[in-house]
Amino acid sequence: MVESPTIEQKKLWSILETVTDPEVPVLTITDLGIVREVKINGEEVEVIITPTYTGCPAMDMIAMNIKMALLENGFQHIKVTSVLSPVWTTDWMSEDGKRKLKEYGIAPPNPTQQVCNNDLFAPAEAVQCPLCNSYHTHRISEFGSTACKALYQCDDCKEPFDYFKCH
Ligand SMILES: [Zn+2]
């Protein structure tokens, strides 16, 4: 083998860093931390992803976007594998990703929210307003603009905002 696999893998990761989340276009799939592994099996490239939650409709689009990005960069045999275990947690999201999410006007996941658990998603949970940083917020709807987000409203600046929730 002339080419070192590490160089090839670095190239693959740098391509994956350009693939964005269809729901939150400011975030890349590497910001979200859903890319678990990139394998090269001979001619074939396998990208292993873990959905942010099972059945998220955006995942099909993400898998397609991964294939398209790799095809554009000269890779021909691409396999995208979804691995459901271990379950994706908001901890996998990069600090950069959380910052971008906030700048986009979506409250980043709480650092304390470690596992996908509905009990942690109680109304008492303090969610910070991405606009004025107030913790005086309340949940309006369990579902925001997409099923992956909940709709909140700030009691101080009165602005509604999305909270990126974990399922
Ligand atoms: Zn506010």
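Note that ligands are numbered from 1 as they come in the structure, with each ligand's atoms numbered from 1 the same way. By convention here, the first residue in the shown sequence is residue 1.
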Any non-hydrogen side-chain atom of Glu43 less than 4.5 Å from a side-chain atom of Phe75?
no
Does Arg99 pair with Glu95 as a salt bridge, N-O distance under 4.0 Å?
no
Tell me every residue that passes salt bridge (charged side-chain N to carboxylate O under 4.0 Å, His left out) with Lys100, counting only those two or more places apart in sequence or in another chain.
Asp31
Knowing that exactly one of Leu12, Val35, Thr30, Ile29 qualifies, which makes a side-chain contact (heavy atoms from CB on, under 4.5 Å) with Glu17?
Thr30
Near the Zn ion (ligand 1) (cut-off under 2.8 Å), count of protein N, O or S atoms
4
Parallel, tilted or perpendicular, as decided by the 30° and 60° cut-offs, for the rings of Tyr152 and Phe161:
parallel
Just verifying a value: how many Å separate His77 NE2 and Leu71 CG, rounded to the nearest 0.5 Å?
10.0 Å
